[in-house]
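Some notes on the structure that comes next.
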Amino acid sequence: MISVRDLYKSFGTNTLFAGVSLQVEKGEAVVLIGPSGSGKSTVLRCINGLEMFDRGEITVAGIELHSINRKRPSKEDAENIRRVRLKLGMVFQQFNLFPHMTVLQNITEAPVRVLGMSRREAEEIARGILRQINLESKVNSYPAQLSGGEQQRVAIARALAMRPEAMLFDEPTSSLDPEMAGEVLSVIRKLVEDGMTTLIVTHEMGFAREVADRVVVFDKGTIIETGPPEDIFTNPKVPRTREFLNRVLK
Amino acid sequence: MRRFLGILFLLIIGTGIIIYAAVPSKPKEGTLDKIKKRGHLLWGADAEGGAPYAFPDPKDPSELVGFEVDLAQSIARELGVKAVESQNAWDSLIPALERGDFDFAMNGIEITEKRKERVLFSQPYYIYTEQLVVRKDENSIKSVNDLKGRTVGTLSGTVAQDILMGMRGVNVKIYSGQVEPYQDLALGRLDAVLLDLPIAAYYARPNPKLKFAGPPVGEGLYAIAIRKNDVQLKKKLDEVLAKLYRTGELKRIYEKWGLWNNKQEKLAAYFRNPDKNAATLEESQRAPVKSFFPMLLKGAGVTVLISVSSMSLAIGLGLILTLMRLYAGAPFNWLAASYIEVYRGTPLLIQLYILYYGLPNIGISLNPVLAAFLGLGMNYAAYEAELYRAGINAVPHGQMEAALSLGMTKGLALRRIILPQAVKIALPGITNDFIALFKDSSLVSVIAMVELTKTYSMLAASTLRFFQLGIITALLYFGMSYPLSLLARRLEKKLKKDRR
């Protein structure tokens with residue numbers, strides 16, 4: 001479903017990551033962990049074209065993204081990036097809800113304007129998703145009237161309304177307190193259980209261990225270890241993985 | 001409402017105090033004594049476009065020439081002093097005289113009943129007539145009787161203006177300089193110009209595109225304006241003028257400037273009966289203030305119209321400039337940035353002059369309404385563009401990323417997600433700019449647009465009621481801009497609420 005091959009990116013003399021390769025199969029839940037600044041978020045952002053890379057190749061549902069200059073992409077490249085984005089739902093650390101729109105408008109905006117769905121159909125779908133995450137009462141609220149956890153759940157709903165084939169989560173709970181993080185994590189857990197292909201960058205180790213089919217450990221711009229969560233968390237092979245886990249699990 | 005009235009009250013009182021303080025007390029010793037003690041006399045005139053009265057010598061612009069310059073020198077010689085000209089806008093020579101800026105004013109000032117209420121006049125030194133001028137190819141206007149339905153230009157505060165205003169169905173255009181009416185006539189913006197013969201003789205006669213139409217009309221007297229209490233100075237000046245007439249020196253001056261005609265023989269009558277023209281306090285026949293309101297309100301209407309339309313242009317053009325700067329690539333970015341820098345870095349007044357008086361040089365002639373609309377709108381577009389850019393930059397970057405990751409194109413994301421938020425941020429600034437533009441619209445009075453400020457200066461110049469009409473005009477502006485400020489403040493508050 002998602003395939004990253006030999007990805008390089010540097011910024012001036014600073015190498016962000018080098019030779020990263022990664023596969024996510026359909027229905028698989030892959031969790032990226034590792035110290036801050038190890039490049040995992042940037043890889044995630046490369047996958048849906050929000051970030052440029054220098055070398056390598058990314059394929060999403062058969063659509064290839066190259067290491068072209070994305071600042072002024074050709075018409076074809078720009079179209080490819082957009083097609084990839086339509087296959088992927090993205091959830092940000094900062095939620096990024098549209099503050100001038102109600103919850104319902106936030107969710108229906110893209111289905112109506114991008115997919116050309118009728119407003120009625122889009123609203124039906126939106127209400128359905130909101131019902132599943134217990135936010136039906138907030139349809140007409142503005143983002144500023146919601147708690148952080150509620151905002152992030154609406155952001156997930158907004159991405160899901162586009163019927164993506166896979167979901168990308170970029171540290172979805174990092175700006176939330178534990179209680180609110182819990183409600184967001186249970187929504188993601190439910191998605192994974194329902195068989196959604198997911199790629200998650202997170203610092204929640206307990207959650208990673210629980211939902212991941214596979215855990216990928218990043219350090220200093222490279223992948224140092226990959227494996228099922230039981231292996232990584234109980235019996236890591238690489239010393240640096242052990243050091244990292246010791247640090248964060250304390 | 002109470003606070004509003006309070007502010008209004010303070011404004012009026014404050015203005016009154018400032019004006020009172022600015023007027024110096026009346027001189028105690030006679031002006032004539034002061035002139036002799038000082039060794040030179042100060043005479044007020046407007047040398048800007050002032051030929052053939054008093055104007056910078058084309059051969060040496062640091063020197064003034066003109067028949068009144070010659071006359072002033074002769075007068076000074078008779079008094080045993082030197083003559084020094086004091087530059088002052090023609091419209092406000094009399095207020096400046098009253099303020100004590102110079103000893104007397106001599107600049108083609110016609111003797112009128114209204115002016116006699118405020119100043120003493122010397123014996124007349126020239127008998128002028130009004131000359132109608134039209135384009136060479138104009139055959140339907142042969143005299144002032146053919147002006148019905150035509151657009152006729154003249155100078156603000158002149159007797160020609162009074163004559164034209166008194167005629168029914170003539171569309172009168174008032175200018176503050178004497179060069180511009182003939183320019184506009186040549187360009188076809190006017191059908192005719194009616195002005196004092198000396199002006200027509202100097203500016204229109206040499207112009208191959210123009211011709212005199214019909215014989216001179218009306219007849220009036222130029223005299224020296226003196227402060228009301230300077231009876232001694234008036235007596236002395238009358239003596240000097242009579243002497244210059246008797247000796248033929250006055251005639252020689254007029255002949256030198258091509259202004260002598262047999263009408264001037266009549267001057268003798270005034271010099272023989274020196275008392276005939278002695279200034280008396282006329283029964284003041286002041287018009288009630290409310291008679292000015294229809295004209296002022298009409299001017300205010302034009303001001304509102306020009307402000308609203310040019311603000312619309314500024315908003316639209318500003319948006320295009322911003323989008324060019326932020327999203328359209330290097331050449332467009334450079335183009336928009338240059339536009340903004342040039343328009344912000346040069347005075348609006350110069351831009352208006354170039355649009356209205358400059359463009360005709362290269363064959364583009366705009367009417368005043370269009371020139372005012374373009375001038376104000378294009379100038380303010382530069383400010384709007386910078387406001388929008390600040391607004392767009394204030395929208396968090398994550399908003400664009402979220403929109404793009406939902407599959408929106410950049411254009412759609414801008415239109416639906418970024419701009420609505422940016423406009424909200426920029427709105428108080430836009431309202432402020434609108435208030436500023438509203439007041440700056442007074443500048444378009446320089447390009448023959450009769451809006452509120454122009455209406456005021458016309459009325460004030462002809463009635464000399466600068467203070468009273470000034471306060472009324474200021475209140476009209478204030479009454480229109482204050483509600484806008486209130487709106488701006490309310491928008492700011494609302495914005496704060498939405499952003500908690």
Side-chain angles (χ1 to χ4, degrees), chain A residues 44-45 47-51 70-73 75 78-79 81-101 105-117 142-146 151 154-164 167-170 175, chain B residues 319 322-336 387-388 390-430 490-500:
Chain A
L44 194 76
R45 289 162 57 81
I47 292 171
N48 79 341
L50 289 177
E51 203 82 50
R70 300 268 185 76
K71 220 160 204 165
R72 297 245 142 252
K75 213 164 179 186
E79 195 44 44
I81 293 172
R82 220 171 70 82
R83 279 169 62 210
V84 163
R85 285 172 180 155
L86 287 174
K87 306 273 181 198
L88 301 172
M90 177 85 177
V91 175
F92 300 87
Q93 182 183 342
Q94 295 300 337
F95 329 138
N96 294 343
L97 290 181
F98 306 135
H100 58 301
M101 294 181 174
Q105 288 164 340
N106 261 280
I107 300 173
T108 57
E109 180 69 13
V112 170
R113 304 259 165 196
V114 178
L115 301 181
M117 215 181 262
Y142 282 89
Q145 297 166 319
L146 303 179
Q151 288 192 50
V154 172
I156 296 171
R158 180 174 69 176
L160 289 174
M162 291 297 283
R163 301 267 158 90
M167 288 287 286
L168 309 180
F169 291 90
D170 186 7
S175 31
Chain B
L319 187 61
T322 307
L323 295 180
M324 276 168 74
R325 282 216 69 175
L326 291 175
Y327 302 106
F332 290 102
N333 177 7
W334 184 85
L335 208 70
L387 260 181
Y388 303 156
I392 287 174
N393 285 339
V395 176
H397 193 57
Q399 291 290 309
M400 180 54 105
E401 290 190 342
L404 290 179
S405 66
L406 285 168
M408 293 190 191
T409 58
K410 212 159 183 178
L412 183 64
L414 257 179
R415 194 159 57 79
R416 297 288 306 172
I417 309 301
I418 307 300
L419 285 183
Q421 298 183 55
V423 164
K424 227 171 171 180
I425 296 168
L427 205 50
I430 295 172
R490 182 175 278 180
L491 284 173
E492 251 164 284
K493 257 189 213 149
K494 193 167 179 290
L495 181 69
K496 262 190 206 138
K497 237 186 250 164
D498 287 358
R499 290 246 139 195
R500 70 198 144 167

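Just so it is clear, the structure is predicted and the values come from calculations on it, not from any experiment. In what follows, chains are A, B, ... by sequence order, proteins preceding strands, each numbered from 1.
- Between chain B and the options A/F95, A/F98, A/Y142, the largest number of non-hydrogen pairs under 4.5 Å is found for A/F98.
- For A/L88, the part sitting under 4.5 Å from any heavy atom of chain B is the backbone (N, CA, C, O) and nothing else.
- Each of A/M101, A/M90, A/R158 has some count of heavy-atom pairs under 4.5 Å with chain B, and the biggest count is that of A/R158.
- Contact annotation: the side chain of B/L412 approaches that of A/V114 to within less than 4.5 Å [non-hydrogen atoms, C-beta and beyond].
- If you take CG on B/L404 and CZ on A/R85, they are separated by 4.5 Å, rounding to the nearest 0.5 Å.
- With a 4.5 angstrom heavy-atom cutoff, A/F92 touches chain B only via side-chain atoms.
- For a residue to count as touching a neighbouring chain, one of its non-hydrogen atoms must lie under 4.5 Å from one of that chain's; by this rule A/R83 does not touch chain B.
- Between A/I81 atom CD1 and B/S405 atom OG the span is 13.0 Å, to the nearest 0.5 Å.
- At a threshold of 4.5 Å between non-hydrogen side-chain atoms, the residues A/P99 and B/Q399 count as touching.
- A side chain to side chain contact (heavy atoms under 4.5 Å, CB included) with B/E401 is found for exactly one of A/R45, A/E51, A/Q94, namely A/R45.
- Checked against B/R416 for a side chain to side chain contact (heavy atoms under 4.5 Å, CB included), the options A/H100, A/R113, A/Q105 give a single hit: A/R113.
- Of the two parts of A/L97, only the backbone, made up of N, CA, C and O, holds a non-hydrogen atom closer than 4.5 Å to a non-hydrogen atom of chain B.
- Residues A/R82 and B/G407 approach most closely at NH1-O, 2.5 Å, considering heavy atoms.
- The CG atom of B/L406 lies 10.0 Å from the CG atom of A/N96; values are rounded to the nearest 0.5 Å.
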